[in-house]
Structures are given as C-alpha cells and as structure tokens.
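In what follows, chains carry the letters A, B, and so on, assigned in the order in which the sequence lines appear, proteins first and then strands, with residues in each chain numbered from 1.
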2 protein chains.
Amino acid sequence: MGDSEKTCGSGPGGKSTPSARTRILDAAERIFAEQGVDAASLRRITREAEANIAGVHYYFGSKNGLVLEVYRRLIRPVNKKRLSLLDQARASAGEDPIPLPELVKIFFIPPLLICYQEHCARPHLPRLIGRMFSDAPDLIRKMIDEEFSKMKTRFLEELGMSLGRRPKEELIWKLHFMVGILVNTMLATEFPPLSLLDHHPAEKPAQSLRQILAFALAGIQQDPESLDLSMDDFESYRVDEAVFGEAE
Amino acid sequence: MGDSEKTCGSGPGGKSTPSARTRILDAAERIFAEQGVDAASLRRITREAEANIAGVHYYFGSKNGLVLEVYRRLIRPVNKKRLSLLDQARASAGEDPIPLPELVKIFFIPPLLICYQEHCARPHLPRLIGRMFSDAPDLIRKMIDEEFSKMKTRFLEELGMSLGRRPKEELIWKLHFMVGILVNTMLATEFPPLSLLDHHPAEKPAQSLRQILAFALAGIQQDPESLDLSMDDFESYRVDEAVFGEAE
DNA sequence: GAATAAATCAAACGATCGCTTGAAACGATC
DNA sequence: GATCGTTTCAAGCGATCGTTTGATTTATTC
C-alpha cells in the first residue's frame, strides 16, 4: 500500500509494465477526460487498462473511490509544487510581501506548464481539470475542496500582504477570478472557445503565459472602488423574462 | 409549433398550467443543473414534470434533443439582449469606438443579472450555465458554439475598435479570459469556491458586479507586452513528473 | 356528432450499468 | 514444495437506462 508503484519488471533499467492498479488509474484518467465521469463505464476503463473489472472494486472499493483517487493523484503534485514555491518566495522576501508578479506566476505556471509541455505524457489533463469543477458529484467536490483549502488559505494570506490592506472580500473575489481564468484556459487547450486562434497555446507557451499573467496581474492590482460605474441603470441590461418561455 | 406556449387555461387572466412540453423543459433544466445531463434520467424528469416519459421523444426526438432545446432556451435570450445592447451602443457612439467600460458591462451584466435577481424564478440557472462548458457531449458543444458565434464575432470587432490596434490574437485571449471569469462566477453562485465569502453574491449584486467589472476592465486594458516577465526560468515552476505516479 | 389529427398513456424492449461472487493464478515465506 | 495472503479472472446479479410500441384520450374540423 505504501509502495508508489509495483512493476512486473521485464528487463532491469528498461521500461516496465505498470501494475494493474496504475493501469486502471491511467485509463480512468484518460477516459474520464474524454467522456466525463458519468459517461465513462468501468467496463471500458478496465478493457483499455487490460485489467479485470473486479480490480476496480478490489483496489478502490467503488467507482466513486476510483474517481477520488484519479483526482487526488492529479491535484496533489500541483498544489504541493505551488506551496513549496510560496515557501521559497516567502523565505527570500523576508519581512516584505512577495512581489505580485511572482505570486501570480506561482498560481498559474505550474498547472499550465503541465498542459503546455511539448510532449506531454497525458494530453488529456487540461480537459479533466476543467471538468473537475462542474461534473463531479458532491462527494468528489468535497474532496477537491479539501485538496485546495491549504493552497487557498496560504495564497489569500500572501495576496493580502502584497496588495496592502484591502478587504478580505476583495481578495476572495480576485482569487476566484484567477481560478476562472485558469480553468477555462485549461479546458480550452483542446476546445473550441479558442478555435479562433490560429495556433495551439502549447505551441507558444511563452506568449500564452504572457497573455494570462498580464491580464490577471492587471485585474488583481486594480482597485474596484476606483471604478466609475453608474450602478443604478441595471434595468436596461435585464433580460426580459417573458422571452424565456419561447422556443423561437 | 410556431406557438410559444400552449396553455390549458383554467381561468382567464389568471395563472395557467404550462403545456407538457414546457413542463418537461422546465423540469429538465432544473434537474440537469442538479445532477448533470448524464446523471439525470428521463424518468425523473417526466415524473417531476407530471408528464409521460414518451413525451420526451414525441416533442424532442431523443434525450439529446431535449438537452439541445434546454440549452437553446437558456442561451438565446441572453445573447439576443447582448447583441441588442451592442447595437444601441454602436449607434450612440457614432464613428467612435464604444467605451471599454460599456463593452465590459454589456458582456457581463445580462447573464449575471439573471443569476442575481432577488426572486429568481430559476435559482438553478447559474449552475446549469456553468456546467454547459464541461459536461456537454460533442453534439451539444457544436450547438453552443453556433449560439455564441455571432455574439463572439461582434464583440471581438468592437473590442478591437475600443482597444486600438492590437493583435487579433490578444483580443481573442482577452475575450477568453472574460468567459472564464463569467462562467466560474456563475458556477460559484451556488458552490464552494466562494464559500469563504460571508454572503451570497446575489445579496449584494452591485458590489459583486463592481468586483467583476473592475477586474475584467483592468485586465483588458493592460498591454501584455508591457509586462516585465523573465520567461526563461520556467523550469523552477515545473511539477516533477516522477511525483505523479505516487498515491501518497 | 362523426372524422381526423394531436397529445398522452401504460407497458415493455434490449442494452448497459455498478457491483458481487467464488474460484483460479500468482508470489512470497518457511 | 506446501502454505498462505495477494491479485486476477469469468460469469452473473439486480437495477436502471433510453427508447419504442400500440392503444387511449383529448382537441380540432367539417
């Protein structure tokens, strides 16, 4: 159980066949990304993993257990990396706040690098991460919240220091917007919203990262109170409810 | 077919019972939001709609047909409103570009007002809209692209004018980030990412809108080239692939 | 009020789902 | 090489899914 991997070694030093447990996780990860968790059947997963369907319940207890493990294996290394980068930055900043650009880079770059690296071993990852936030049942959603809570807290602390005294509510909103940008960008590495683009983001990772970081950094630095908005003419933006009932 | 609604009127002027077709759409919309499209069964939908299960195929041909119609009914009025607001703004701007704040308001406020209005007739809407981008099979995704294409094109045109000569690629990225912010915000009106907030966004719609608009406006105005980023030290942000295989 | 079309219904079809079972194959230990 | 715990296997369980059918009810038209 404590072992990270069991191999049925064919040759020493050469590539070895992963254990059935790992093969199931790999196949599940890929197929969940393709079809969504609900639509993915254990039969297809185990068939493509070249494993028996009973193995799923032997190793993970249930399909939900498998889903939990797939997500955990996906999230943990990324947040571990981000937390370690935060620690580094905090150490080298001493008593000062971490520079905002560095904070933004720590948030965005680790997950995006996984998606953008040239010969990504798991090209389906962005899609799966994007799915995480919407097609997961409540049980999985609770686990995801737990996995992110530490990173969320640490990041809000540092963001508060770097921005100077701003209302906590504002910090939460800004972290929230960053999550939205990140998730949608990962979803779009495979998908139409960016189809207008004449190249895949992964082909120009530096330019893509620049776009994201610049946008987020500007948004974070902006003081919402400075915005001159007439907030009383909402009515003209309201969608007529009567239209809703109609098909045409 | 051309009729928008058929009512089995009980009393003139009073509330009338919607047709079975409409009742199915209403129930499907709500249950799709609750459980996701895949997990929602036609049996539950028709039970709660007080209709017969065969009605789904009579009216919509298949479950996929029902899903398509639910999404269409949801998206159309919003984009119609946004397009009409764009027309208004273009008319009153004459030869000048539309002011950026106005452009951002047109994009965000119509969909968010639906979610934030006090006694929303359909409190599940944000959740459904958020789901749209991830749990939809390819068929539905194609329809969504079609429904949004006109709005997307018009908005990119106006954004290009308002921002002055910027690369088209930059405009696409910025629209893309706005979509991410919007979708995640709608998803979060019911969901954990904002659970740190001590109030529901709908309780303070003006403040919430201010946060969103300010962030997006700043991000849009920012020139990505002005950002001083050292783009060669990616390695320190890379997540160690070796960690991935491990469970603990 | 008979005839025609539209809408609704109960019942069942075949397929697939997550999950369980009990035995066979495997690997380590003495 | 016998023993014991771990892993893999084929087969099947009950449940639920989307869909179809054919008859019945309701509404419309002459």
Side-chain angles (χ1 to χ4, degrees), chain A residues 1-10 12 16-28 31-32 34-70 135-140 247, chain B residues 1-10 12 16-28 31-32 34-70 135-140 247:
Chain A
M1 190 75 107
D3 292 350
S4 63
E5 177 105 356
K6 286 182 185 169
T7 58
C8 320
S10 49
S16 50
T17 306
S19 69
R21 185 179 185 277
T22 302
R23 292 202 312 274
I24 292 175
L25 279 173
D26 289 341
I31 297 173
F32 285 164
E34 263 183 47
Q35 310 189 329
V37 169
D38 281 320
S41 76
L42 295 184
R43 283 176 172 82
R44 185 185 162 194
I45 290 172
T46 50
R47 190 184 345 121
E48 300 195 13
E50 298 187 81
N52 191 278
I53 188 174
V56 172
H57 300 86
Y58 177 75
Y59 287 115
F60 309 103
S62 66
K63 182 180 182 180
N64 261 342
L66 171 62
V67 179
L68 277 165
E69 195 52 38
V70 166
D135 78 348
D138 291 344
L139 179 82
I140 279 77
Chain B
M1 192 72 108
D3 291 349
S4 63
E5 178 104 357
K6 286 184 185 168
T7 59
C8 321
S10 48
S16 51
T17 306
S19 69
R21 185 178 185 280
T22 302
R23 292 202 311 275
I24 292 176
L25 278 174
D26 289 341
I31 297 172
F32 285 164
E34 265 184 46
Q35 310 189 327
V37 168
D38 282 319
S41 76
L42 296 183
R43 283 176 172 80
R44 186 185 162 194
I45 290 172
T46 49
R47 188 181 349 117
E48 300 195 15
E50 299 185 80
N52 190 278
I53 188 174
V56 172
H57 300 86
Y58 178 75
Y59 288 115
F60 309 102
S62 67
K63 183 181 181 180
N64 264 342
L66 171 63
V67 178
L68 278 166
E69 194 52 38
V70 166
D135 76 349
D138 292 343
L139 177 82
I140 279 78

What's the [atom1]-[atom2] distance between [X] and [N], to the nearest Å?
| X | N | atom1 | atom2 | answer |
| --- | --- | --- | --- | --- |
| Arg47(A) | dC9(D) | CZ | C1' | 17 Å |
| Arg21(B) | dA6(C) | CZ | P | 15 Å |
| Tyr58(B) | dA10(C) | OH | P | 17 Å |
| Glu50(A) | dA10(D) | CD | P | 12 Å |

Check whether any side-chain heavy atom of [X] sits under 4.5 Å from a side-chain heavy atom of [Y], and report yes or no.
| X | Y | answer |
| --- | --- | --- |
| Phe60(A) | Leu25(A) | yes |
| Leu66(A) | Tyr59(A) | no |
| His57(B) | Leu42(B) | yes |

| remark: In B/S/- notation (B base, S sugar-phosphate only, - none; protein heavy atoms under 4.0 Å), nucleotides 11-26 of chain D written 5' to 3' is -B----BBBBB-----
| query | How far does CD1 of Ile31(A) sit from CZ of Arg44(A), to the nearest 0.5 angstrom? | reply | 4.5 Å
Are any side-chain N or O atoms of [X] and backbone N or O atoms of [Y], one a donor and one an acceptor, separated by less than 3.5 Å?
| X | Y | result |
| --- | --- | --- |
| Arg23(B) | Glu50(B) | yes |
| Lys63(B) | Val56(B) | no |
| Thr22(A) | Pro18(A) | no |

| query | Taking a pair as Watson-Crick (N1 to N3 plus N6-O4 or O6-N4) or G-U wobble (N1-O2 and O6-N3), both under 3.5 Å, which stems of 3 or more consecutive pairs involve DNA chain C? | reply | C:1-28 with D:3-30
| Short N-O contact, Arg43(A) and Glu48(A), less than 4.0 angstrom | no
